[in-house]
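The structure appears right after this line, and notes come after that.
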Protein chains: 2
Amino acid sequence: MDKQKQQNLEKKGWKIGSAKEFLNLSEESSSYIELKIKLSSNLRKLRTERKLTQVELAKIIKSSQSRVAKLETGDPSVSLDLIIRSLLALGTSNKDIARTISS
Amino acid sequence: MDKQKQQNLEKKGWKIGSAKEFLNLSEESSSYIELKIKLSSNLRKLRTERKLTQVELAKIIKSSQSRVAKLETGDPSVSLDLIIRSLLALGTSNKDIARTISS
DNA sequence: GAAATATATGTCATATTTGACATATTGTCA
DNA sequence: TGACAATATGTCAAATATGACATATATTTC
């Protein structure tokens, strides 16, 4: 992960770690962030494929438009739990989720 | 999912849904629970393979023995986030995680 | 089988995540 | 362009997850 990418993430509010680690985000953190980004991108893909608006998706997952936006833009305030439960609510199978993570 | 399995889950504290749905847990909920169970079982497997105690793992992931126990026993108070961050802390790759989910 | 070690369970104050709301920004189409 | 729909961003009280602690229960070792 290069400096630019890291700075973008930090701007978004991701806690990257100490100054010491600034230039080499731990494998652990970056894998976690990558995971979330992959899954939330997939969520947006699914939603748009089905021609749903964020408002409509929000209703399905019993949340709000603003949280759906945060889900899809990878806001750090969003948990993996919510991302995955949203995918499941759209009918995604565990195997599909695994495929997304591997992609 | 049969009645016995469902009752076991409920005893553990899982919120299964309304009485009406008692006998047929939604696909969504059961996939989510399955996912967590697969990953937390994998966590225990990894820990024991490496001959770590729960206390030692707790140190690695900066948590406590009791929470590690809850992680591994699939306590509903534990988030997917924590399970996955724990796996990553043990060096599991995203592809490994995907494999576990598909298994 | 007692002592020692490991794991499970219950509780709680604190921290993080949540849906909801307001409002800003972007995209679309007449 | 301007109006309208869709999405993004900021904030916050309420809900949920957290580490820590005490303590119960298994499991191992002698």
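The analysis underlying the following values was restricted to heavy atoms, covering all of them including side chains, and did not include hydrogens, waters or symmetry mates. The chains referred to below are lettered A, B, ... by the order of the sequence lines, with proteins before strands, and numbering in each begins at 1.
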**Request:** Report yes if a side-chain nitrogen or oxygen of B/Ser79 is closer than 4.0 Å to either non-bridging phosphate oxygen (OP1 or OP2) of D/dT16; otherwise report no.
**Result:**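 Answer is no, no contact under 4.0 Å.
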**Message:** Is there a side-chain contact between A/Thr53 and the phosphate of D/dA6, meaning an N or O under 4.0 Å from OP1 or OP2?
**Reply:**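 For A/Thr53, the contact criterion (side-chain N or O under 4.0 Å from OP1 or OP2 of D/dA6) is not met.
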I need the [atom1]-[atom2] distance between [X] and [N], as an integer number of Å.
X: A/Leu80; N: D/dT16; atom1: CG; atom2: C1'; result: 16 Å
X: B/Leu82; N: D/dT16; atom1: CG; atom2: P; result: 18 Å
X: A/Leu52; N: D/dA6; atom1: CG; atom2: P; result: 11 Å
X: A/Leu43; N: D/dA8; atom1: CG; atom2: P; result: 12 Å
X: A/Ile61; N: C/dG19; atom1: CD1; atom2: C1'; result: 10 Å
X: A/Ile84; N: C/dT17; atom1: CD1; atom2: C1'; result: 16 Å
X: B/Leu57; N: D/dA20; atom1: CG; atom2: P; result: 13 Å
X: A/Ile83; N: C/dT18; atom1: CD1; atom2: C1'; result: 14 Å

**A/Ser102 side chain vs A/Arg99 backbone, donor-acceptor pair below 3.5 Å** = no
**Request:** Determine yes or no for a side-chain-to-main-chain donor-acceptor pair under 3.5 angstrom, with B/Lys38 supplying the side chain and B/Thr100 the backbone.
**Result:** no
**Message:** Between A/Arg50 and A/Glu56, is the salt bridge (charged side-chain N to carboxylate O under 4.0 Å, His left out) condition met? List the steps.
**Reply:** CA-CA 11 Å; A/Arg50 300 191 187 182; A/Glu56 290 167 329; over 6 Å; no
**Asked** Base, sugar-phosphate, or nothing: which does A/Val55 touch, judged by heavy atoms less than 4.0 Å apart?
**Response**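 The answer is nothing, as A/Val55 stays clear of every strand by at least 4.0 Å.
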**Asked** So among B/Leu43, B/Leu87, B/Val68, which one has a side chain to side chain contact (heavy atoms under 4.5 Å, CB included) with B/Ile61?
**Response**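 Option passing the side chain to side chain contact (heavy atoms under 4.5 Å, CB included) with B/Ile61: B/Val68.
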**Prompt:** Once each nucleotide of nucleotides 8-16 of chain C is scored for protein heavy atoms under 4.0 Å, what B/S/- sequence comes out, 5' to 3'?
**Reply:** BBBB----S
